[in-house]
Trainee: 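One structure, as structure tokens, below. Some questions next.
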Amino acid sequence: MYGKLDNPVYHSLNEYHEKFCFNFGDTKFYNPEVASFGGAAELSREKDITEYAKICDDFLIFGAKPDLGNFKTELSRLVCDQYVLENPIQLDLTEEIIELKEENHEELLAFVMKFYPYYFKAGTPELGRYFGVFKDHKLVAVTGERMQMNDMTEVSAVITDTDYLGKGLAKQLVAFVSGKIFEDGKTPFLHVAESNTGAKRLYEKLGFMHRGTINLWGVKR
């Protein structure tokens, strides 16, 4: 079952997120308005990459190192740890967690872009549900859903305002969003940069199982 996580972008675009797919030969890419990610069944080839680069000049390819051929571009690598949650998190929720709707779109976008501008686009909230915690009518923590297959959903955008760190908001949001995914009959998974030891400790404490690492290849024209 978890084998599809070796290639999460490809399988998401081949299944639940098919409507967001830009298909260039062997490689499937998200519509760049929602996410600048790509993945191939085997290997992303130069011809596919150059076609997508005509509409998106800075993007990520998950999995195997792409074959760039003679395509002149910058290529960087980010190693991420991949985690899977097999059972719901048992945690008493003390915060009021709100599902963010259209009226919250601009606030959500501004909040996430402060912390992770490269991984979030104006249309990213179309990929799944996003939830937040407000304090004094201000959004201070969010978590949502990004890549989705028919049987697995990625927990993403686990962000807390720096003024509210250490209050357990991320822990409660991850538990809440994961619970929603289980209610859908799906398995939660997530990615975190290999160097982010604090976040990895949190996920492991909550019961996430470390599955392995995955490469994210940054392609910049």
Side-chain angles (χ1 to χ4, degrees), residues 1-2 5 8 12 16-17 34-35 80-149 151-211:
M1 172 181 171
Y2 297 144
L5 292 179
S12 293
Y16 193 82
H17 275 167
V34 299
C80 283
D81 284 288
Q82 189 180 73
Y83 286 86
V84 176
L85 186 65
E86 294 188 327
N87 298 293
I89 298 167
Q90 302 302 316
L91 184 69
D92 292 331
L93 301 179
T94 59
E95 297 290 342
E96 182 182 10
I97 296 174
I98 305 295
E99 182 171 359
L100 304 177
K101 301 290 189 179
E102 181 62 31
E103 60 267 26
N104 308 115
H105 178 79
E106 293 302 323
E107 189 172 9
L108 169 63
L109 185 62
F111 182 79
V112 178
M113 293 292 277
K114 285 194 301 184
F115 301 94
Y116 294 107
Y118 189 63
Y119 303 102
F120 209 82
K121 306 294 182 182
T124 301
E126 296 178 37
L127 299 178
R129 299 164 295 189
Y130 281 79
F131 300 88
V133 173
F134 288 82
K135 299 290 184 183
D136 299 320
H137 307 290
K138 173 188 173 185
L139 185 62
V140 299
V142 303
T143 299
E145 302 167 328
R146 192 170 55 186
M147 286 184 273
Q148 295 197 53
M149 293 163 244
D151 51 6
M152 288 180 277
T153 297
E154 181 193 28
V155 177
S156 184
V158 182
I159 304 170
T160 301
D161 188 296
T162 52
D163 292 337
Y164 292 85
L165 293 173
K167 301 182 183 296
L169 302 184
K171 178 168 62 176
Q172 295 201 43
L173 276 163
V174 171
F176 183 86
V177 173
S178 298
K180 291 290 186 184
I181 294 169
F182 278 118
E183 288 175 9
D184 293 339
K186 297 187 178 185
T187 298
F189 70 98
L190 57 80
H191 298 100
V192 58
E194 190 178 46
S195 59
N196 194 345
T197 55
K200 291 194 293 185
R201 282 196 297 268
L202 169 64
Y203 299 139
E204 289 166 4
K205 186 176 180 179
L206 289 173
F208 279 85
M209 175 186 69
H210 182 248
R211 184 175 177 271

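Sequential numbering from 1 along the given sequence is applied to the chain's residues. As the structure is a computational prediction, the values presented were derived from the model and not from experiment.
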Trainee: For the CZ atom of Phe189 and the CZ atom of Arg146, what is their distance to the nearest 0.5 Å?
Mentor: 8.5 Å

Trainee: I'd like to know if the side chain of Glu95 and the backbone of Val133 have a donor-acceptor N/O pair within less than 3.5 Å.
Mentor: no

Trainee: Measure the shortest side-chain to side-chain distance between Leu5 and Met149 over non-hydrogen atoms and say whether it is less than 4.5 angstrom.
Mentor: yes

Trainee: Taking all heavy atoms of Gln172 and all of Asp92, pick out the closest pair and write down the distance.
Mentor: OE1-O, 4.2 Å

Trainee: Are there over 12 heavy-atom neighbours, none belonging to Glu103, within less than 6.0 Å of that residue's CD?
Mentor: yes

Trainee: Considering all heavy atoms of both residues, which atom of Leu169 and which atom of Tyr164 are nearest to each other, and what is their separation?
Mentor: CD1-CB, 4.0 Å

Trainee: Taking the side chain as everything from C-beta on, heavy atoms only, tell me whether Glu154 gets closer than 4.5 Å to Ser12.
Mentor: no

Trainee: Any side-chain heavy-atom pair from Met147 and His191 closer than 4.5 angstrom?
Mentor: yes

Trainee: Is there a donor in the side chain of Gln148 and an acceptor in the side chain of Thr153, or the other way round, less than 3.5 Å apart?
Mentor: yes

Trainee: How long is the straight-line distance from CG of Leu85 back to OG of Ser178, given to the nearest 0.5 Å?
Mentor: 5.0 Å

Trainee: Could you tell me whether the side chain of Lys171 and the main chain of Leu202 form a donor-acceptor pair under 3.5 Å?
Mentor: no

Trainee: A side-chain contact here means heavy atoms from C-beta on lying under 4.5 Å apart; do Tyr203 and Val155 qualify?
Mentor: no

Trainee: Looking only at heavy atoms, what is the nearest atom pair of Leu91 and Ala175, with distance?
Mentor: CD2-CB, 3.8 Å

Trainee: So Tyr119 and Ser156, side-chain contact (heavy atoms from CB on, under 4.5 Å) or not? Walk me through it.
Mentor: CA-CA 10 Å; Tyr119 303 102; Ser156 184; over 6 Å; no

Trainee: Do Val140 and Asp163 have side chains that get closer than 4.5 Å, going by heavy atoms?
Mentor: no

Trainee: Please confirm whether Lys186 makes a cation-pi placement over Tyr16, using NZ or CZ under 6.0 Å from the six-membered ring centre and within 45° of the ring normal.
Mentor: yes

Trainee: Determine, for Lys135 against Asp161, whether the closest basic-nitrogen to carboxylate-oxygen distance falls under 4.0 angstrom.
Mentor: no

Trainee: Is the distance between the ring centroids of Phe120 and Tyr130 under 6.0 Å?
Mentor: yes

Trainee: Looking only at non-hydrogen atoms, find the nearest pair between Leu108 and Leu139 and report the distance.
Mentor: CA-CD2, 4.0 Å

Trainee: Please examine the side chains of Val158 and Leu173, heavy atoms only from C-beta on, and report whether any two atoms are closer than 4.5 Å.
Mentor: no

Trainee: Taking His210 for the side chain and Asp81 for the main chain, is one N or O donor matched with an acceptor at less than 3.5 Å?
Mentor: no

Trainee: Check the surroundings of atom NZ in Lys121: do more than 12 heavy atoms from other residues, nucleotides or ligands lie under 6.0 Å from it?
Mentor: yes

Trainee: Given Leu100 and Phe111, is the side-chain contact (heavy atoms from CB on, under 4.5 Å) satisfied, shown in steps?
Mentor: CA-CA 12 Å; Leu100 304 177; Phe111 182 79; over 6 Å; no

Trainee: Quick check: does any side chain N or O of Arg211 sit under 3.5 Å from a backbone N or O of Tyr2, one acting as donor and the other as acceptor?
Mentor: yes

Trainee: Of all the heavy-atom pairs spanning Lys180 and Phe131, show the shortest one and how long it is.
Mentor: CG-CZ, 4.2 Å

Trainee: Do you know the tightest heavy-atom contact between Ala141 and Thr160?
Mentor: CB-OG1, 4.0 Å

Trainee: Would you find more than 12 non-hydrogen atoms of other residues, nucleotides or ligands less than 6.0 Å from Lys101 atom NZ?
Mentor: no

Trainee: Is it the case that over 12 heavy atoms from other parts of the model lie below 6.0 angstrom from the CZ atom of Phe115?
Mentor: yes

Trainee: Please report the interatomic distance CD(Glu126) to NE2(His17), rounded to the nearest 0.5 Å.
Mentor: 10.0 Å

Trainee: If you measure from CD on Glu145 to OG1 on Thr124, what distance do you get to the nearest 0.5 Å?
Mentor: 13.5 Å

Trainee: Rounded to the nearest 0.5 Å, what separates atom CD1 in Ile89 from atom NZ in Lys205?
Mentor: 12.0 Å

Trainee: How long is the gap from CD on Glu107 to NZ on Lys138, to the nearest 0.5 Å?
Mentor: 9.5 Å

